[in-house]
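Let me begin by presenting the structure, written as structure tokens, before commenting on it.
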Amino acid sequence: QVQLVESGGGLVQAGGSLRLSCTGIGFTLDYYAIAWFRQAPGKEREGVACISDRDDRTNYADSVKGRFTISRSIANHTVYLQMNSLKPEDTAEYYCAGDYCSDSGPPAINEYDYWGQGTQVMVPS
């Protein structure tokens, strides 16, 4: 079955960095808009960032602007989320999803039909 898969999560101290990866199983995501979401315990799933198809336009949630960068590698058939200056409030399960990226603002959960199973990021306080 076609799906997305995430990798790269782990535990990192505050101020550190992680890079998450998203790739397609059963399809190539090179020309699909891809978003990253996260969900912390007891909280709603929230949009973090997205990258458009065709022109690689990007959008970010205010909480991660200046710290996180979403990017695409055509050679690796992968969308990345580079997370720098991590904070305890970044602790969550991170998911990639397709196939949409809005013109502005963070991605909205109801626009996405394809989801990965998540990768956990922990930033202790």
Side-chain angles (χ1 to χ4, degrees):
Q1 186 175 2
V2 172
Q3 64 176 343
L4 298 168
V5 61
E6 307 93 341
S7 62
L11 188 150
V12 65
Q13 298 297 316
S17 298
L18 284 173
R19 188 179 71 170
L20 307 183
S21 299
C22 175
T23 191
I25 304 299
F27 76 103
T28 299
L29 47 63
D30 294 359
Y31 303 108
Y32 285 78
I34 297 292
W36 286 96
F37 291 79
R38 66 186 182 186
Q39 188 167 21
K43 295 186 177 181
E44 299 281 344
R45 189 170 297 186
E46 64 174 345
V48 175
C50 65
I51 186 165
S52 69
D53 57 348
R54 297 186 295 275
D55 63 356
D56 282 351
R57 170 180 45 81
T58 58
N59 291 323
Y60 298 92
D62 288 342
S63 59
V64 306
K65 285 180 180 177
R67 299 189 298 120
F68 290 11
T69 303
I70 188 170
S71 63
R72 184 193 305 274
S73 171
I74 297 297
N76 294 331
H77 311 300
T78 301
V79 170
Y80 300 102
L81 185 68
Q82 178 68 45
M83 304 184 295
N84 298 326
S85 302
L86 282 162
K87 304 175 180 179
E89 51 262 47
D90 296 317
T91 296
E93 190 84 2
Y94 283 72
Y95 302 86
C96 64
D99 166 20
Y100 188 73
C101 190
S102 61
D103 291 337
S104 63
I109 193 169
N110 62 349
E111 300 285 355
Y112 296 89
D113 296 324
Y114 303 98
W115 293 86
Q117 294 183 343
T119 185
Q120 191 165 33
V121 173
M122 293 188 61
V123 186
S125 59

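Note: the hydrophobic cluster containing V121 also contains L4 (ILVMFWY, side chain heavy atoms under 4.5 Å, direct or indirect links). Cluster annotation: Y94 and V12 are assigned to the same hydrophobic cluster (Ile/Leu/Val/Met/Phe/Trp/Tyr, side-chain heavy-atom contacts under 4.5 Å, transitive). Hydrophobic clustering (ILVMFWY, side-chain heavy atoms < 4.5 Å, transitive): L86 and M122 are in distinct clusters. A single hydrophobic cluster is not seen to contain both I109 and V64; linkage of ILVMFWY side chains at heavy-atom distances under 4.5 Å, directly or through other members, places them apart. Criterion: ILVMFWY side-chain heavy atoms under 4.5 Å apart, direct or through other members. Under it, W36 and Y100 are not part of a common hydrophobic cluster.
Crowding of Y32 atom OH: a count of heavy atoms from other residues, nucleotides or ligands under 6.0 Å not exceeding 12.
Closest approach of V79 and R72 over heavy atoms only: CG2-NH1, 4.0 Å. Smallest separation of non-hydrogen atoms from I70 and Y60: N-OH, 2.9 Å. Taking all atoms of both residues into account, the shortest heavy-atom contact from V123 to T91 is N-OG1, 2.8 Å. Among all heavy-atom pairs drawn from E6 and Q117, the shortest one is OE1-N, 3.1 Å. Minimum interatomic distance between G105 and S102 (heavy atoms only, all atoms of both residues): O-OG, 3.5 Å. For S17 against Q82, the heavy-atom pair with the smallest separation is CB-NE2, 3.9 Å.
Here the rule is side-chain contact (heavy atoms from CB on, under 4.5 Å) with F68, and of V48, N84, T58 only V48 fits it.
Screening residues 107-119 for salt bridge (Lys or Arg N to Asp or Glu O under 4.0 Å), with sequence neighbours left out, gives no hits. Pairs engaging residues 20-39 under the salt bridge (Lys or Arg N to Asp or Glu O under 4.0 Å) rule: R38-E46, R38-D90 [sequence neighbours left out].
Using a 30° and 60° split on the angle between ring planes, Y95 and W115 fall in the perpendicular class, above 60°.
Note that CG of N76 is 10.5 Å distant from CG of L29, once rounded to the nearest 0.5 Å. Taken to the nearest 0.5 Å, the CD atom of E93 stands 6.5 Å off from the OG1 atom of T119. Put simply, OH on Y114 and CD1 on I25 are 14.5 Å apart, with the number rounded to the nearest 0.5 Å. In this structure, OG in S125 is found 14.0 Å from NZ in K87, a value given to the nearest 0.5 Å. The distance from atom SG of C101 to atom CG of D55, rounded to the nearest 0.5 Å, is 9.0 Å.
Residues C50 and N59 meet the side-chain proximity criterion, which asks for heavy atoms closer than 4.5 Å.
Among residues two or more places apart in sequence or in another chain, the side-chain contact (heavy atoms from CB on, under 4.5 Å) test is passed with S71 by Y80.
Remark: the backbone N or O of H77 is not paired with any side-chain donor or acceptor of S73 at under 3.5 angstrom. Listed for the R67 side chain is a donor-acceptor partner under 3.5 Å among the backbone atoms of S85.
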